[in-house]
Undergrad: 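One structure is given below, represented as structure tokens, and several questions about it will come after.
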Amino acid sequence: MRKLELHWQILIGMILGILFGFIMTYPSWGAKLVSDWIQPFGDIFVKFLKLIAIPLIIASLVKGISDLKDISKFRNIGLRTIGIYIGTTIVAISIGLILVNLLKPGDGIADSTITKLSETFASDAGVTSKLEMANRQKESGPLQFLVDMVPDNAFRAFADNGLMLQVIVFTIIFAISMLLIGEERAKPIKNFFDSLNFVVLKMVDLIMLTAPYAVFALLAGVMVSSSDPELLLALLKYSGVVILGLLMMIAFYTLVVSVYTKKNPLWFLKEISPAQLLAFSTSSSAATLPVTMERVEEHIGVDKEVSSFVLPVGATINMDGTSLYQGVAAVFIMQVLWPEGLGLSNQLAIILTALLASIGSAAVPGAGMVMLVIVLEAIGFPADLYPIALALIFAVDRPLDMCRTVINITGDAMVSMVVAKSVGKLGQPRVEDWDDYYQPVKGRKDK
Ligand code: ASP
């Protein structure tokens, strides 16, 4: 029998996980059974993915840059990437703002619902911890993010997944220096990293073999910890607006893929789908990064010179789904709690602050909600209402986080194709002969 393709296996794992989690919400012992005996396997999988993120970034960025024939090409890639990232994020926020203003999900939310949501969540640890994190974030100056990008200790940066940009800065300088000292002297290091790169990619592959089981565990865990269905229903219109906006982003990406790169957009979605399914299951662009890189390089044909820079940078600074969500959530909250703040100037301010906030959001579950507080602050939203504001949207944050993370990584993949095409580095996919396979490779020739 032909083996089912990986994305189908993952999808089946997800559906079974959702069904199983749903059934387990009925018996009184169900939630505990899932969180004690099933969820840990999902957590182990996410840890494995995170474990290889930093080695993969280092190995592939060194390989990507040191294969360049001239450095000015790298500057070209860098500037284009940042420019396009800003462009797609502005498109995302604008779509969100147009939809939320047209469909007005905040109108008609009953006072009793607001009271119930605030009673349930305003002092919930989830909300208060997000407010605390936002407070810490607020204290820094406008250029702090630049200062934070530069490591003062390379090994400390390698030791913290939250410091991915620092790792990228170090590795870029390291790889450029390799180019500058000449081929002969750089050779031993280059060989080492080339080989490391293969090993780490194989590790991604091995970990992915367990993905169908892991997503089962992750989604069963999400199901048993989700909120009261009545509250979810009250927020259906708001969630619908966010999801509609996210779907429009997919349409926008497929349009760009077909018009600019001349590739079939359905093929693009199919090839990137295992990464999308993982983004949905883990709610973390950072955890998904190794898989996004593998799919984009091997299955879509983006050259490593481009993907090794565009994707890790994108995972940290390009979050189209998150910024769209921040736009919709900020206006929804105003529609419910502070209608007098809904003027045009505030909406324009949201575009700018949501852009900066999505750049500043960490690529981990729930980060978008922390930065939402910064957006609210920037438009002068009354500070005493913050806990109620967050309580209002907290019940549906996890499912929306899952969806927006899918868009975040799809946007990164799309931009990597566009940048690659613009510098002549979008080639044919080259799937490794070890793909989705765990037998040793015999007699294989390297690239
Ligand atoms: N979970 C998102 C990500 O990792 C960030 C967010 O929107 O909360 O991309």
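Both counts, for ligands and for their atoms, begin at 1 and track the order of listing.
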Undergrad: Which protein non-hydrogen atom lies closest to atom 1 (N) of ligand 1, naming both residue and atom, and how far is it?
TA: D401 OD1, 2.7 Å
Undergrad: Using a strict 4.0 Å threshold on nitrogen-to-oxygen distance, state whether R404 and D397 make a salt bridge.
TA: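 Yes.
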Undergrad: Taking only heavy atoms of G366 into account, list the atoms of ligand 1 that are under 4.0 Å away from them.
TA: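 By the 4.0 Å cutoff, the relevant atoms are 8 (O).
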Undergrad: Distance under 4.0 Å to a non-hydrogen atom of G368: what atoms of ligand 1 satisfy this?
TA: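 Near G368, the atoms of ligand 1 are 6 (C), 7 (O), 8 (O).
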Undergrad: Could you tell me whether S283 approaches ligand 1 through its side chain, its backbone, both or neither, with non-hydrogen atoms closer than 4.0 Å?
TA: backbone
Undergrad: Would you call the rings of F381 and W338 parallel, tilted or perpendicular if under 30° counts as parallel and over 60° as perpendicular?
TA: perpendicular
Undergrad: Any donor-acceptor pair under 3.5 Å linking the side-chain atoms of Y253 with those of D320?
TA: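 Checked: D320/Y253 side chains pair up, N/O donor to acceptor below 3.5 Å.
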Undergrad: Quick check against the 3.5 Å criterion: does E297 have a side-chain atom that pairs as donor or acceptor with the backbone of S307?
TA: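 Checking the backbone N and O of S307 against the side chain of E297, no donor-acceptor pair under 3.5 Å is found.
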Undergrad: Please answer whether the main-chain N or O of A287 pairs with a side-chain N or O of S284 as donor and acceptor at a distance below 3.5 Å.
TA: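 Looks like yes, one N/O pair under 3.5 Å.
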Undergrad: What about V364: any of its N or O atoms under 3.5 Å from an N or O on ligand 1?
TA: yes
Undergrad: Mark yes or no for whether Y85, through its side chain, and V310, through its backbone, hold a donor-acceptor pair below 3.5 Å.
TA: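 Answer holds: yes.
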Undergrad: So if I count the atoms of ligand 1 from 1 in the order they appear, which ones are less than 4.0 Å from some heavy atom of T322?
TA: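 This gives 5 (C), 6 (C), 7 (O) as the contact atoms.
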Undergrad: Going by the order shown, which atoms of ligand 1 are within less than 4.0 Å of some heavy atom of R404?
TA: 6 (C), 7 (O), 8 (O)
Undergrad: Ignoring hydrogens and geometry beyond distance, is a side-chain donor-acceptor pair present between S358 and Q326 at under 3.5 Å?
TA: no
Undergrad: Taking only heavy atoms of S285 into account, list the atoms of ligand 1 that are under 4.0 Å away from them.
TA: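 Every atom of ligand 1 under 4.0 Å from some heavy atom of S285: 3 (C), 4 (O), 9 (O).
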Undergrad: Short N/O distance, under 3.5 Å, between M369 and ligand 1?
TA: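 No; the residue has no nitrogen or oxygen that sits under 3.5 Å from a nitrogen or oxygen of the ligand.
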Undergrad: Near S284, which atoms of ligand 1 are under 4.0 Å from a heavy atom of that residue?
TA: 4 (O)
Undergrad: Would A286 count as being in polar contact with ligand 1, using the rule that some N or O on each side must be under 3.5 angstrom apart?
TA: no
Undergrad: Which pair of heavy atoms, one from A395 and one from P399, lies closest together, and at what distance?
TA: O-CD, 4.5 Å
